[in-house]
Amino acid sequence: MSELLQQLNPAQRRAVEAADGPVLVLAGPGSGKTRVLTHRVAYLIAERDVDPFNILAVTFTNKAAREMKDRLEALVGASAAQTLSMGTFHSLCARFLRRDIVHLERERDFVIYDSDDQQRLMRRVLRELNIDEKRNQPRAVLARISSAKNELVGPAEYADLKHVGLFESNVAKCYPRYQALLQEANALDFDDLLSETVRLFAQYPEVLAKYHDRFSALLVDEYQDTNRAQYLFIRHLAARQRNLFVVGDDDQSIYLFRGADVRNILQFEQDYPEAQVILLEQNYRSTQSILDSAQAVIHASHKPKHLKRLWTENGGGAQVRLHEGYDQDEEAAFVADEIVRLIAAGELAARDCAVMYRTNAQSRAVEEALIRRTLPYQIIGGTRFYERKEVRDMLAYLRVAHNPYDSVSLMRIINWPGRGIGERTEKDLERWATTLGVPIFQALRELEDPATSSPFAVRTITALLGFLHLLDELIAASKTLPIAELIERIVARVAARETLEREYDLLEAEDRWQNLVELRDVAEGYKNLPQENQLSTFLEEVALVAEVDKLDPNADKVTCITLHQAKGLEYGAVFLIGLEEGLLPHSRSVDDRDQLEEERRLLYVGMTRAQHKLYLCCATKRLNYGRTTVSRPSRFLADIPKALLHTPGRRSKAPAAPQATMFSPRSALGDKQPVVGSRYTRPSAAPPPSATRFAAGQQVRHATFGEGIVVTSRLVDGDEEVTVRFSDRERRLLASFANLELVE
DNA sequence: ATAAGGATGATTTTT
DNA sequence: TCATCCTTAT
Ligand SMILES: Nc1ncnc2c1ncn2[C@@H]1O[C@H](COP(=O)(O)OP(=O)(O)OP(=O)(O)O)[C@@H](O)[C@H]1O
């Protein structure tokens with residue numbers, strides 16, 4: 001048997017070796033779905049002689065694609081691995097469209113508009129159509145349009161739908177204009193990447209045929225979270241050869257809000273009646289305690305279609321621990337103290353710990369607590385690097401240099417740095433361009449002719465032309481300079497550093513300047529690409545990086561991440577915080593049954609990220625928009641049998657008076673952790689492992705420290721603490737982490 | 001045209 | 001709380 005298959009259990013092997021044709025691997029968390037998908041790709045190349053060039057694999061993140069490629073390099077060589085088509089739906093679609101969007105009468109050097117660009121564009125649309133921005137918030141309008149696009153409903157079809165209320169008919173008015181302006185700017189928004197590709201496939205069979213010729217094997221990870229457009233994308237591609245391998249778990253579907261439809265995976269067998277369905281039941285990630293608790297949460301509400309029993313050989317492990325804190329600061333303090341304790345106990349590094357939450361705002365308290373204890377950390381999400389103002393301004397210059405019709409970017413920088421072009425002028429310019437029916441850049445060009453009648457004063461025209469000529473210069477420069485040098489040119493021409501120093505105080509200016517330096521450093525990485533592709537590749541990748549792509553698993557840091565982004569990841573110890581009514585389930589999701597169930601799945605996803613230790617945390621009071629509110633534990637916690645949870649004795653009194661907490665950075669529990677073996681109430685259920693697995697005198701082996709002799713072993717805090725004398729010194733280890741082997 | 005200051009209102013989750 | 005919007009003064 002090939003070495004490739006030896007790392008798999010029989011069910012996994014069956015999936016990897018399945019004959020050509022549709023295959024559905026439906027399995028719970030930690031059962032090795034992603035592993036199976038990777039091995040399937042390797043297997044096709046190594047054993048079935050499939051050329052990597054003919055394989056298309058959709059991963060959930062760009063990072064997953066990169067990692068998979070790296071791993072496959074070892075197997076098939078770097079150059080072959082590079083010919084694999086692997087990436088997210090969005091990046092694959094962008095790649096296809098660069099090639100074939102001309103069929104849709106659009107140009108291939110389109111830019112990708114992200115949500116900030118979209119909002120700016122929508123504001124212009126609302127202004128133009130005289131629609132009130134307060135009652136019809138750009139974000140809300142865009143959200144409707146986004147769902148429409150995900151369902152492949154274009155502006156015309158949308159207008160034909162029944163509209164309830166003023167808001168919806170306003171959306172119907174905005175949609176066509178928004179789309180027209182996108183086209184004028186030669187821009188596509190995120191949703192267009194998918195819907196336009198599907199339109200391309202549907203309307204141009206000869207184009208689709210080309211892709212059929214190329215891709216003989218298709219693979220999709222996290223299939224349960226595909227939306228209609230993504231589903232159709234795959235269905236078109238799979239139509240001829242029907243050689244489609246998908247993996248997923250309906251219990252982990254958490255992207256309903258962006259149009260994901262779990263029916264895509266549940267109806268796979270109807271779509272492909274000849275499909276082989278393979279269930280994986282062994283979980284390799286988590287301990288039994290974690291698995292039991294997680295399953296209690298997910299099974300409390302529904303009846304699975306395919307019964308996915310999950311079991312593990314990882315052993316019982318420590319009980320899942322429930323911590324009810326006083327407020328969000330005490331909750332964060334508990335988490336941070338516990339991480340400190342776990343690291344001090346050995347076996348567990350900062351990189352093995354993750355703190356997960358429902359909303360990004362919750363990361364703040366955690367961040368502060370981690371800083372206070374000087375724990376290294378990385379926060380995924382929140383304000384992204386590419387969303388910082390100064391970075392976006394610089395990117396706007398690059399984008400206009402690359403595609404001057406990008407009016408959103410142009411308007412962004414028309415007065416940055418200040419050149420005496422005020423709000424009034426901006427509005428007039430927009431209106432004037434609209435009347436002329438041309439992009440802003442074109443309108444500016446008209447001003448060059450003194451005979452043109454425009455709504456501007458002579459002084460204003462001078463300022464506008466000055467800006468236009470700056471752009472001309474940068475456009476010319478962009479044709480010859482590598483990106484990093486182009487950035488330097490822009491920095492010099494607009495006196496970026498001085499501008500920042502004028503706008504902000506010293507510290508802030510330096511900070512923002514450093515961001516520009518960092519952007520230039522990123523750009524350096526593109527200097528070896530051919531000049532004509534550099535800028536477009538750079539801009540595309542910048543637009544499509546996901547936050548998780550930036551997660552660095554090698555850095556020894558605690559990871560703070562939203563539950564959504566944590567999908568697919570795993571950590572030794574996981575802390576889920578804010579498990580309260582209003583937060584999880586989130587208050588905006590409680591009235592809708594489907595949304596409520598999704599909140600439950602979100603918790604399930606979070607719990608099943610944990611390998612050895614899982615902490616469920618909530619607080620009784622929380623600061624919510626500057627106002628303290630009382631909160632109750634999440635209803636989902638009630639679905640976990642008490643016997644599975646370890647709730648260490650709670651303090652009977654509220655922590656010190658508010659003044660005291662204000663002056664002492666550490667919260668009430670801070671210094672007194674842990675409350676082990678205290679007189680406080682023990683959990684009503686039988687304490688977990690009632691006997692130690694190890695005894696004094698036994699010889700054991702540890703992966704890093706080698707062989708040693710057990711000195712003592714005792715039960716602590718739901719886990720077993722083993723003291724072992726190794727050749728260099730004694731160490732106290734937690735049995736659930738240490739993976740100690742008995743030596744005969 | 002811009003800077004400063006006060007009222008106001010918003011936070012789910014993401015490519 | 002914090003960021004954005006709106007008013008007013010320069
Ligand atoms: N046959 C196996 N032998 C040993 N370890 C395995 C095996 N299969 C999977 N694993 C390990 O189990 C863990 C989970 O695997 P993987 O991430 O592929 O699961 P998954 O089903 O995709 O999980 P999820 O749905 O939660 O994202 C990984 O650490 C993986 O290396």
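Letters A, B, ... mirror the listed sequences (proteins, then strands); counts begin at 1.
Nucleic acid contact class of A/R424 (heavy atoms, under 4.0 Å, all strands): sugar-phosphate only. Counting any heavy atom pair closer than 4.0 Å across all strands shown, A/D114 reaches no nucleic acid atom.
In this model, the phosphate group of B/dT13 is not approached by any side-chain N or O of A/Q565 to a distance below 4.0 Å at OP1 or OP2. Taking side-chain N and O atoms only, A/S587 has no distance below 4.0 Å to OP1 or OP2 of B/dT12. At B/dT12, one or more side-chain N or O atoms of A/R588 fall inside 4.0 Å of OP1 or OP2 (strictly under the cut-off). In terms of phosphate contacts, A/K389 brings no side-chain nitrogen or oxygen within less than 4.0 Å of OP1 or OP2 of C/dA3. Phosphate proximity of B/dT11 to A/N624: absent, as no side-chain N or O sits under 4.0 Å from OP1 or OP2. OP1 or OP2 of B/dT11 has at least one side-chain nitrogen or oxygen of A/R139 nearer than 4.0 Å.
Of the candidates B/dT12, B/dT15, C/dC5, the closest approach to any side-chain atom of A/K134 belongs to C/dC5. Of the candidates B/dT2, B/dT12, B/dT15, the closest approach to any side-chain atom of A/N415 belongs to B/dT2. You'll find that the side chain of A/V548 is closest to B/dT15, out of B/dT12, C/dT1, B/dT15. Comparing B/dT15, B/dT13, B/dT11 by their nearest atom to the side chain of A/H564 picks out B/dT13. The side chain of A/T425 approaches B/dA1 more closely than any other nucleotide in the set B/dA1, B/dT12, C/dC2. Nearest nucleotide to the A/Q137 side chain, out of B/dA10, C/dC2, B/dT13: B/dA10.
Comparing A/R419 and A/L602 against DNA chain B, the residue whose closest nucleotide sits nearer the 5' end is A/R419. Judged by closest nucleotide on DNA chain B, A/R459 is the one of A/L544 and A/R459 placed further toward the 5' end.
Aromatic ring centroids of A/Y255 and A/F257 lie under 6.0 Å apart. For A/Y211 and A/H236, the ring centers sit 6.0 Å or farther from each other.
At a cut-off of 3.5 angstrom, counting only N and O atoms as typed in the model, there is a donor on one side and an acceptor on the other between the side-chain of A/R358 and the base of B/dT13.
Where stacking is scored as ring centres under 5.5 Å apart with planes under 30°, A/F257 registers as stacked on the base of B/dT13.
In this structure, the NE2 atom of A/H586 is 15 Å from the C1' atom of B/dT14, given to the nearest Å.
For the residue pair A/Y223 and A/D249, no side-chain donor N or O sits within less than 3.5 Å of a side-chain acceptor on the partner. A/E599 and A/S589 share a side-chain donor-acceptor pair at under 3.5 Å.
More than 12 heavy atoms of other shown residues, nucleotides or ligands fall within 6.0 angstrom of atom CZ in A/R199.
With both ends at atom P, the span from B/dT11 to C/dC6 equals 16 Å, rounded to whole Å. A gap of 23 Å separates the C1' atoms of C/dT4 and B/dT13, to the nearest Å.
Here the side chains of A/I145 and A/M122 are in contact, with some heavy-atom distance below 4.5 Å.
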